Participant: 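This structure is in structure tokens; I'll ask about it shortly.
In what follows, chains carry the letters A, B, and so on, assigned in the order in which the sequence lines appear, proteins first and then strands, with residues in each chain numbered from 1. Remember, it's a predicted structure, so these values are computed and weren't measured experimentally.
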Amino acid sequence: MIKQELREKISGLIELPPSLQFTIEQPPKHSQSDLATNLPIVLSRTTGKEIKKIADEVISKLQGSQLVEKIDFAAPGFINFNISLQRLAQELKTVTAEDNAYPGIDSGKNKKVLLDFVSANPTGPLHIGHARCAIIGDTLSRIFRQFGWETLQEYYVNDIGTQMDILSESVEFRSRQLNGEKIDFPENAYKGEYITEIAGDINSKYENLPQREEIKKITLEKILDIIKNDLTDFGVNFDSWIYESELHNKGIVEKTIGLLKKQGVVYEKDGALWFGSAESGDEKDRVVKRKDGRYTYFGADIAYHSDKIARGFDKLINIWGTDHHGYVPRIMSAIKSLGYDENNVKIILYQLVSLSRNGVRLKMSTRAGEFITLREVMKEIGVDATRYFLSTRTPESHLEFDLELAKKQSPENPVYYIQYAHTRCCGIFREAKLEPSEKIFSGVNVSLLKEPAERDLMKKILFYPDTLNSCINDYTPHHITTYLLDLAGSLHKYYDGYRVLGNDEVLKISRLYLINAVRIVIRNGLSLLGISAPSRM
RNA sequence: GGGCCCGUAGCUCAACUGGAUAGAGCGUCUGGCUUCGAACCAGCAGGUUAGGGGUUCAAGUCCCCUCGGGCCCUCCA
């Protein structure tokens with residue numbers, strides 16, 4: 001990663017206070033350089049040394065470096081760098097060699113991360129809000145894996161509790177109605193069409209209506225099938241499905257709460273058991289076991305986290321809608337009480353999606369059966385465009401999803417702009433009747449790639465690993481989409497301005513070498529987003 | 001009433017966590033296919049970063065106030 005390289009290089013040249021924070025960043029366009037640091041400014045502040053003197057010292061020590069060239073001072077106290085052709089060429093070589101595996105960074109080697117996401121109550125098909133969560137989790141997993149992490153994608157199924165009771169009641173009523181009984185459908189019941197379908201299925205399979213518990217089991221299974229199919233077709237695969245009921249049945253809930261009680265962080269009051277979360281930042285203490293003896297959702301969730309911790313992960317990631325933000329302090333408090341380092345827990349909060357059609361806000365209620373399913377969106381907009389749309393915003397941004405707009409814009413969707421850049425790269429090789437291979441690139445001469453557009457492409461390729469690194473650090477996939485759009489733009493510009501398949505054989509091969517690297521990076525980037533990279537469109 | 005998040009071009013969003021002259025796509029307008037695919041390129045226009053104050057070499061980014069939008073304040077999940 002180029003920024004890290006430069007940072008280490010500078011740190012090795014000059015004595016720095018150990019905790020000094022300085023930036024390595026991409027400077028604005030007008031600076032005409034590739035990288036910049038604010039080191040002189042910040043170092044001057046702590047040491048009192050003159051800014052210009054610091055800069056001169058760093059600049060003189062970097063002369064002759066194989067990493068950077070054209071090193072300049074810039075007011076009010078930056079140093080600007082250009083990356084050497086040698087370093088740019090080195091990256092092209094790495095890309096070509098590693099191909100599908102690029103970038104082969106193993107910073108996460110021997111580390112395990114568990115991502116718990118979607119985990120929607122199994123009361124109906126997934127909608128666009130769940131899809132946003134699915135995309136954030138799935139894409140982050142892919143990036144973690146790229147960096148060598150072992151990932152586990154887990155879906156926590158809330159298969160007990162009030163919602164499940166109402167759900168099975170809803171199915172039962174629909175079954176009886178279908179059987180000709182004249183009964184009123186309960187006001188608070190689930191009214192979606194899938195309820196009627198499940199009810200119909202049950203009626204056709206059973207002579208007599210099964211018991212409520214049996215109905216619940218059948219309904220849960222059917223709905224989980226729907227959810228699993230939706231996710232699979234959306235390109236999101238879970239490794240593990242864990243059921244709340246099992247945590248109870250295996251006694252994990254009871255054991256965990258018992259342990260906390262022994263520690264003294266769980267206590268009895270008003271006939272219920274409380275967890276003392278107020279002590280570490282929560283508004284108040286929370287009930288984990290009700291007066292009637294049943295554990296709360298929170299009580300079971302503590303057990304779930306205890307179970308996750310026991311399975312031995314270096315990092316736990318939870319992805320929740322912001323409607324759960326009030327829940328964060330109590331679960332973090334619980335995690336601390338369980339003896340797990342809270343710094344290894346990341347709770348990503350994403351803003352809910354508001355759905356509209358032609359600017360008219362649509363209510364999204366699973367209960368009322370009024371919602372657009374993910375399935376419908378995939379069908380109308382397509383998986384690639386939907387995934388792109390959901391990847392391209394930061395999780396904390398409010399997201400307005402207008403169906404008509406999305407449909408209308410889909411032929412103009414930026415995702416096609418990126419994919420088209422990829423097909424153009426493939427098209428050149430088709431036209432040249434060549435397959436990319438080390439053999440055809442043996443006569444490459446990178447120093448022939450001296451057009452500004454070529455340098456621009458090489459530079460952007462070099463920044464790809466840093467882009468992925470930002471995604472990991474910020475826990476968001478959206479940097480990739482911004483990056484790919486930029487890279488695709490550079491490719492299109494180059495394609496329009498220069499001919500790759502010219503008469504000069506060495507130049508041709510060298511340009512093909514560059515085009516091939518662009519092709520690999522675009523394809524690998526799209527792959528991390530779960531988006532296809534077609535060779536023809 | 002208390003708390004969290006958001007407000008950036010006509011629209012949808014970026015801006016590398018405090019850096020330099022705030023950038024893309026879409027839309028509008030003007031040009032460009034006899035040449036590796038025009039699902040493209042070049043150019044024009046579009047901004048007091050909701051508004052006001054503060055912190056400092058430097059603020060879209062941090063602090064305070066106001067306005068507007070979303071969400072949460074269950075022995076629900």
Participant: For A/Asn473, which contact category applies under a 4.0 Å heavy-atom criterion: base, sugar-phosphate, or nothing?
Facilitator: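 Nothing, no nucleic acid heavy atom in range.
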Participant: Within the 4.0 Å heavy-atom criterion, would you say A/Ala421 contacts the bases, only the backbone, or no part of the nucleic acid?
Facilitator: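 If one applies the 4.0 Å heavy-atom cut-off, A/Ala421 turns out to touch nothing in the nucleic acid.
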Participant: One thing to verify: whether A/Glu451 and A/Arg455 come together as a salt bridge, which I'm taking to mean a side-chain N less than 4.0 angstrom from a carboxylate O.
Facilitator: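 No salt bridge links A/Arg455 with A/Glu451.
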Participant: Whether A/Lys308 and A/Asp116 form a salt bridge (side-chain N of Lys/Arg under 4.0 Å from carboxylate O of Asp/Glu) is what I want to check.
Facilitator: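 A salt bridge links A/Asp116 with A/Lys308.
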Participant: Is A/Lys3 salt-bridged to A/Asp466, going by a charged N under 4.0 Å from an acidic O?
Facilitator: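 No salt bridge links A/Lys3 with A/Asp466.
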Participant: Taking any heavy-atom pair under 4.0 Å as a contact, classify A/Gln419: base, sugar-phosphate, or nothing.
Facilitator: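 Touches nothing.
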Participant: Heavy atoms under 4.0 Å, any strand shown: does A/Arg45 hit a base, just sugar-phosphate, or nothing?
Facilitator: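 Counting heavy atoms under 4.0 Å across all strands, the contact made by A/Arg45 includes a base.
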Participant: Return the value, rounded to whole Å, for the distance between atom OH of A/Tyr327 and atom P of B/C5.
Facilitator: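 From A/Tyr327 OH to B/C5 P: 20 Å.
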Participant: Could you check which of B/A14, B/C16, B/G37 has an atom nearest any side-chain atom of A/Gln26?
Facilitator: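 Between B/A14, B/C16, B/G37, the one nearest the side chain of A/Gln26 would be B/C16.
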Participant: Rounded to the nearest angstrom, tell me the gap between atom CG in A/Leu349 and atom C1' in B/G70.
Facilitator: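 Between C1' of B/G70 and CG of A/Leu349: 14 Å.
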Participant: Decide if atom NZ of A/Lys493 counts as having more than 12 heavy atoms of other residues, nucleotides or ligands within a radius under 6.0 Å.
Facilitator: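 No.
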Participant: What's A/Tyr495 touching, base or sugar-phosphate or nothing? Going by heavy atoms closer than 4.0 Å.
Facilitator: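 Touches a base.
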Participant: Would you mind reading off the distance between A/Leu501 atom CG and B/C36 atom P, rounded to a whole angstrom?
Facilitator: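 Checked: the CG to P distance equals 9 Å.
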Participant: B/C4 pairs with which nucleotide, Watson-Crick or G-U wobble, both distances below 3.5 Å?
Facilitator: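 Checking every strand shown, B/C4 finds its partner in B/G70, with both distances under 3.5 Å.
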Participant: Whom does B/G23 pair with, Watson-Crick or G-U wobble, provided both distances fall under 3.5 Å?
Facilitator: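 Here B/G23 is engaged in a pair, and the nucleotide opposite it is B/C13.
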Participant: By the 4.0 Å heavy-atom rule, please label A/Glu396 as base, sugar-phosphate, or nothing.
Facilitator: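 Sugar-phosphate contact only - A/Glu396 comes under 4.0 Å of backbone atoms but never of a base.
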Participant: Taking the side chain of A/Ile41 as its heavy atoms from C-beta onward, which of B/C57, B/C72, B/A15 lies nearest to it?
Facilitator: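 Given the options B/C57, B/C72, B/A15, the side chain of A/Ile41 is closest to B/C57.
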Participant: Quick check: any donor-acceptor pair below 3.5 Å linking the side-chain of A/Lys3 to the base of B/C16?
Facilitator: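 Counting by modelled atom types and ignoring angles, a donor-acceptor contact under 3.5 Å is found here.
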Participant: Could you please name the partner base of B/C76, counting Watson-Crick and G-U wobble pairs only when both distances are under 3.5 Å?
Facilitator: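 Partner of B/C76: none found under 3.5 Å.
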Participant: Could you tell me how far apart A/Trp320 (CH2) and B/C5 (C1') are, to the nearest whole angstrom?
Facilitator: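 One finds 16 Å between C1' of B/C5 and CH2 of A/Trp320, rounded.
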Participant: Go ahead and name the base partner of B/C62; Watson-Crick or wobble counts if both distances stay under 3.5 Å, otherwise write none.
Facilitator: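 Paired with B/G54.
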Participant: Compare the minimum distances between each of B/G3, B/U74, B/A39 and the side chain of A/His325, then state the nucleotide with the smallest one.
Facilitator: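 The closest nucleotide is B/G3.
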Participant: Output yes when A/Asp285 and A/Lys269 qualify as a salt bridge under the 4.0 Å nitrogen-oxygen rule, no when they do not.
Facilitator: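 A salt bridge is absent here (no side-chain N lies under 4.0 Å from a carboxylate O).
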Participant: Counting only Watson-Crick or G-U wobble pairs whose two distances fall under 3.5 Å, which nucleotide matches B/U34?
Facilitator: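 Answer to the pairing question: none, since B/U34 forms no Watson-Crick or G-U pair.
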Participant: Does any N or O donor sit under 3.5 Å from an N or O acceptor when you compare the side chain of A/His398 with the base of B/G69?
Facilitator: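 Between B/G69 and A/His398, which were checked side chain against base, a qualifying N/O pair under 3.5 Å is present.
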Participant: So, does the side chain of A/Asn38 form a donor-acceptor pair with the base of B/A58 at under 3.5 Å?
Facilitator: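 Result: no qualifying N/O pair found.
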Participant: Can you tell me how far P of B/A42 sits from NE2 of A/His492, to the nearest Å?
Facilitator: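 One finds 10 Å between P of B/A42 and NE2 of A/His492, rounded.
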Participant: Measuring from A/Asp301:CG to A/Tyr156:OH, what's the distance to the nearest 0.5 Å?
Facilitator: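 Reported to 0.5 Å precision, the distance equals 5.5 Å.
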Participant: Of the nucleotides B/G32, B/C72, B/A42, which one has an atom closest to the side chain of A/Asp496?
Facilitator: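 Within the option list, the nearest is B/G32.
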Participant: Both distances below 3.5 Å, Watson-Crick or wobble geometry, any strand: find the nucleotide opposite B/G43.
Facilitator: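 Across all strands, the one nucleotide that pairs with B/G43 is B/C29.
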Participant: With sugar-phosphate meaning primed atoms plus P, OP1 and OP2, does A/Leu484 contact a base, only sugar-phosphate, or nothing at under 4.0 Å between heavy atoms?
Facilitator: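 Result for A/Leu484 = nothing.
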